[in-house]
Amino acid sequence: MILRKVFIFISIIIFITTSQAQEEFQEQIEKLDFKTIYSRFETYYNDLDSINALRYAEAYYIKARKTKDTNHIADGYYYRALIDKEYKSLHLYDSIISLTSDVKKSNYPTIAYLQKGYYFVSTYQYDKALENFIQASIKNHGKNKENLALRINISITELQIRIEENNKALTTLKKIWKETVDVNYKTKNPDIYNEILFGLANANRKLHHIDTSNTYINLGLLTNDTKNKESNYYYYFLLLKGINELSNDFNGNIPPKLKTAINYMNRVNFKENIALAYHYIGEAYHKKGEEEKALQYFFKVDSLTEKSASILPETLGSYNYIRDYYKKSKDVVNELIYVKKIIAFDSILDINYKSINNKIRDKYELPTLIEKYNQDFATLEKQNSKSNTLVIILYSISSITFIVLFYVLFQRNKYKRRFKQLQESSLNKRLKKTSSKEKPDLPEKVFIKVKNCLDAFEKEQQFLNHAMNSEKLAQQIGTNRPYFAKAFNYYKNESFNVYLRNLRLNYALERLRDDHIFRKYTIKTIANESGFGNSESFSKYFFKAYGIYPSFYIKSLNNENQRSNRS
């Protein structure tokens, strides 16, 4: 009992002392200017002292709130977000965006969108990452516009390389490489220099331009070796160098550079890069004819990937080798296990790599796999009469999988036909023509005003205004709503809401067809740009009007353009 009282007393003393210390700290901070507070925050942040860094970040924010300075408040949010690496940092970035969305000359909200993009990349949500990078580009009007534009471009090329859009990434990287060298980013900003250099090396590697890739790799190794051999980039370049060496005459010995890179990746737990290295080691042994050694590394890829939240299209090839091994061994059960994994990973790629989903499906021949999957279950049922329970379970799974995938393929083919019909039809036919109904009893000048108003309304694209309605148009021409409605109905023979919706849908359709940049926007942004209040109503009415969803229409347009470019 006495000990408990002593403990409570000591706790109260500590609380009072801590509170007093915090108040004294805040009073001292009040006397400092923003530059000094930031300087101290930066010192602690660079020294990885998150406790003291957070104290100064909080103090900066409190002082900013008292002065009601928008830029300083945004800075306060930003410094706090840098320390908080968890999910709630997104709320701080959202606060910055909300606070600074109308501040034209500020580097915000561009920086906030960039940081959100980086977060989504780290959590493998690539579509969300791209959405934020695009928003960062749209909002980039601040004093540091050129440098931020460079960072945005680099971020998007990194995503493109990740999803195997290597040629597109190279086009951008080659343009900004010259700028990087001209302004001496090697010394001025080594991180940007290394990011561009690594992107050039990696994209060329994936495109099998090995000599070009090695040229950039050697530059990267030289730069980082002379400064800091323990930097991440040194080992990233070493990893690419080792993978490139495997493509030469492989003598059965893993290149020392690759071993060094793998050891580092193990030390810092970069599973994705370890899996990439193991996949190419396995491929090298496979080409040499040493199947057992190759399989050891392919199984290592499987082990690493199962425990990770991400898979690269490159490493998915390991599963095909394992599946083929079991197929040759006539081990139907294990073959089916890896066919299921390939189908499952295809689903992951469908979520994380939407823009290349069709390419992945074509590359790994998913429809053929599904057919083989069901055939093998039938064979397994005959061969394993003693395992009826297992066969029934597996057959049930097979049937369900087949039905689901058949439905998906059926829907996709239906949408493809609708897309083709939509492309062949005239867009202008979708707007209803003037009716032949009896002219209502109204002054002639009302008809003239309404006709001129509607012509201007369509020509000037006033329908993109979310707040537009028939009452406002009636006010514009100086008449009342009933008169406007009667004249409008005579000319258009439909309700104003339907007319407005059709104009917006046709605008979205034409712009998606003709503007490849517009197709990169999110459905929400496309809906907003087309005059719709939300993405749900836009998708609903787009499907109702054209028979396909806007997301499928965009994918189909992009695939059509890619085929045209290849031909």
Item to complete: Would you check if there is a donor-acceptor pair between the side chains of N140 and S137 at a distance under 3.5 Å?
Response: no
Worksheet item: Do the ring centers of F552 and Y549 come within less than 6.0 Å of each other?
Response: no
Fill in: Atom of F41, atom of A53 and distance for their closest heavy-atom approach
CD1-O, 3.2 Å
Worksheet item: Using 30° and 60° as the class limits, which term best fits the ring planes of Y499 and F496: parallel, tilted or perpendicular?
Response: tilted
Practice prompt. Could you go through the side-chain contact (heavy atoms from CB on, under 4.5 Å) check for K116 and D94 one step at a time?
Written response: CA-CA 9 Å; K116 283 186 70 178; D94 285 335; 2.8 Å; yes
Practice prompt. Please tell me if the side chains of F447 and K439 come closer than 4.5 Å, counting only heavy atoms from C-beta onward.
Written response: yes
Practice prompt. Apply the test side-chain contact (heavy atoms from CB on, under 4.5 Å) to residues R511 and I526: give CA-CA distance (whole Å), side-chain angles for both, the deciding distance (0.1 Å), then the verdict.
Written response: CA-CA 10 Å; R511 193 168 172 195; I526 292 169; over 6 Å; no
Discussion item. Tell me the closest heavy-atom pair linking L276 and E314, and the distance in Å.
Written reply: CD1-OE1, 3.5 Å
Worksheet item: Can K206 and E165 be said to form a salt bridge (Lys or Arg N to Asp or Glu O under 4.0 Å), step by step?
Response: CA-CA 10 Å; K206 289 188 170 192; E165 296 286 358; over 6 Å; no
Worksheet item: Rounded to the nearest 0.5 Å, how far apart are OH of Y108 and CD1 of I96?
Response: 5.5 Å
Item to complete: Assess whether side-chain contact (heavy atoms from CB on, under 4.5 Å) is satisfied between D75 and H72, documenting all intermediate values.
Response: CA-CA 5 Å; D75 286 338; H72 284 316; 4.0 Å; yes
Worksheet item: How are the rings of Y77 and Y61 set relative to one another: parallel (under 30°), tilted (30 to 60°) or perpendicular (over 60°)?
Response: tilted
Worksheet item: Going from CG on L148 to NZ on K143, what distance comes out if it is rounded to the nearest 0.5 angstrom?
Response: 13.0 Å
Practice prompt. For the residue pair Y79 and Y60, categorise the inter-ring angle as parallel (less than 30°), tilted (30 to 60°) or perpendicular (more than 60°).
Written response: perpendicular
Worksheet entry | side chain to side chain donor-acceptor pair (under 3.5 Å) evaluation trace for N534 with S537 | CA-CA 6 Å; N534 58 71; S537 62; 3.1 Å; yes
Worksheet item: Under 4.5 Å between any side-chain heavy atoms of I517 and Y521, yes or no?
Response: yes
Discussion item. Before you tell me yes or no, could you show the steps for E164 and N166 under side chain to side chain donor-acceptor pair (under 3.5 Å), namely the whole-Å CA-CA distance, both residues' side-chain angles and the distance that decides it to 0.1 Å?
Written reply: CA-CA 5 Å; E164 303 298 335; N166 299 296; 3.3 Å; yes
Fill in: N153 side chain vs A149 backbone, donor-acceptor pair below 3.5 Å
yes
Worksheet item: From R205 CZ over to L200 CG, what is the distance, rounded to the nearest 0.5 angstrom?
Response: 13.5 Å
Discussion item. Using only atom types and a distance under 3.5 Å, with no angle test, would you say the side chain of H466 pairs donor to acceptor with the backbone of N528?
Written reply: yes
Item to complete: Kindly compute the distance separating CG (L454) from CG (L503), expressed to the nearest 0.5 Å.
Response: 9.0 Å
Discussion item. Check whether S98 reaches the backbone of S95 with its side chain - one donor and one acceptor, N or O, closer than 3.5 Å.
Written reply: no
Discussion item. Under the criterion side-chain contact (heavy atoms from CB on, under 4.5 Å), I'd like the reasoning laid out for S470 against F484: C-alpha separation, chi angles, the key distance, then a yes or no.
Written reply: CA-CA 8 Å; S470 59; F484 178 89; 3.9 Å; yes
Fill in: Side-chain touch F463/S530, heavy atoms, less than 4.5 angstrom
no
Worksheet item: Taking C-beta and beyond as the side chain, do V446 and I477 meet within less than 4.5 Å on heavy atoms?
Response: no
Discussion item. So does I138 get a backbone contact from the side chain of H141, meaning a donor-acceptor N/O pair under 3.5 Å?
Written reply: yes
Discussion item. Is there a side chain to side chain donor-acceptor pair (under 3.5 Å) between T36 and D33? Walk through the geometry before answering.
Written reply: CA-CA 6 Å; T36 304; D33 57 22; 2.6 Å; yes
Practice prompt. Determine, for F34 and K63, whether the Lys NZ or Arg CZ falls below 6.0 Å from the six-membered ring centre while staying within 45 degrees of the axis.
Written response: yes
Worksheet entry | R65 and E58: CA distance, side-chain angles, deciding distance, salt bridge (Lys or Arg N to Asp or Glu O under 4.0 Å) verdict | CA-CA 11 Å; R65 286 293 296 246; E58 290 282 0; over 6 Å; no
Worksheet, complete the sentence: Here the pair of heavy atoms bringing N480 nearest to Y483 is OD1-N, 2.8 Å
Discussion item. If we count only N and O atoms by modelled type, under 3.5 Å, do the side chains of N132 and Y93 hold a donor and an acceptor together?
Written reply: no
Worksheet item: What are the two closest non-hydrogen atoms of T100 and A74, and how far apart are they?
Response: CG2-CB, 3.9 Å
Item to complete: Would you give the length of the straight line joining atom CZ of F542 to atom CG of L509, rounded to the nearest 0.5 angstrom?
Response: 5.0 Å
Discussion item. To check you understand the geometry: which heavy-atom pair defines the closest contact between L54 and I83, and what is its length?
Written reply: N-CD1, 3.3 Å
Discussion item. Heavy-atom count check: over 12 atoms from other residues, nucleotides or ligands less than 6.0 Å from K451 NZ?
Written reply: no
Discussion item. Do Q476 and Q462 make a side-chain contact, defined as non-hydrogen atoms from C-beta onward lying under 4.5 Å apart?
Written reply: yes
Worksheet item: Just how far is it from atom CG of N107 to atom CG of N71, taken to the nearest 0.5 Å?
Response: 9.0 Å
Worksheet item: Between the main-chain N or O of L512 and the side-chain N or O of R519, is there a donor-acceptor pair closer than 3.5 Å?
Response: yes
Worksheet item: Can you find a heavy atom in the side chain of N469 that is under 4.5 Å from one in the side chain of N497?
Response: no
Worksheet entry | Note, Q135 side chain near T525 side chain (heavy atom, < 4.5 Å) | yes
Worksheet entry | Check: D69 and I73 side chains under 4.5 Å, non-hydrogen atoms | no
Worksheet item: Just by modelled atom types, is the K555 backbone N or O under 3.5 Å from a matching donor or acceptor in the N559 side chain?
Response: yes
Fill in: Stepwise salt bridge (Lys or Arg N to Asp or Glu O under 4.0 Å) check, E272 with R162
CA-CA 12 Å; E272 197 175 71; R162 187 179 228 353; 2.9 Å; yes
Item to complete: Check whether any side-chain N or O of N202 sits under 3.5 Å from a backbone N or O of F198 as a donor-acceptor pair, and report yes or no.
Response: no
Item to complete: Answer yes if the ring centres of Y553 and Y546 are under 6.0 angstrom apart, and no otherwise.
Response: no
Worksheet entry | salt_bridge(E458, K492) N-O dist < 4.0 Å | yes
Worksheet item: Do F532 and F538 have ring centroids that are under 6.0 Å from one another?
Response: yes
Discussion item. To check you understand the geometry: which heavy-atom pair defines the closest contact between R504 and N465, and what is its length?
Written reply: NH2-O, 3.0 Å
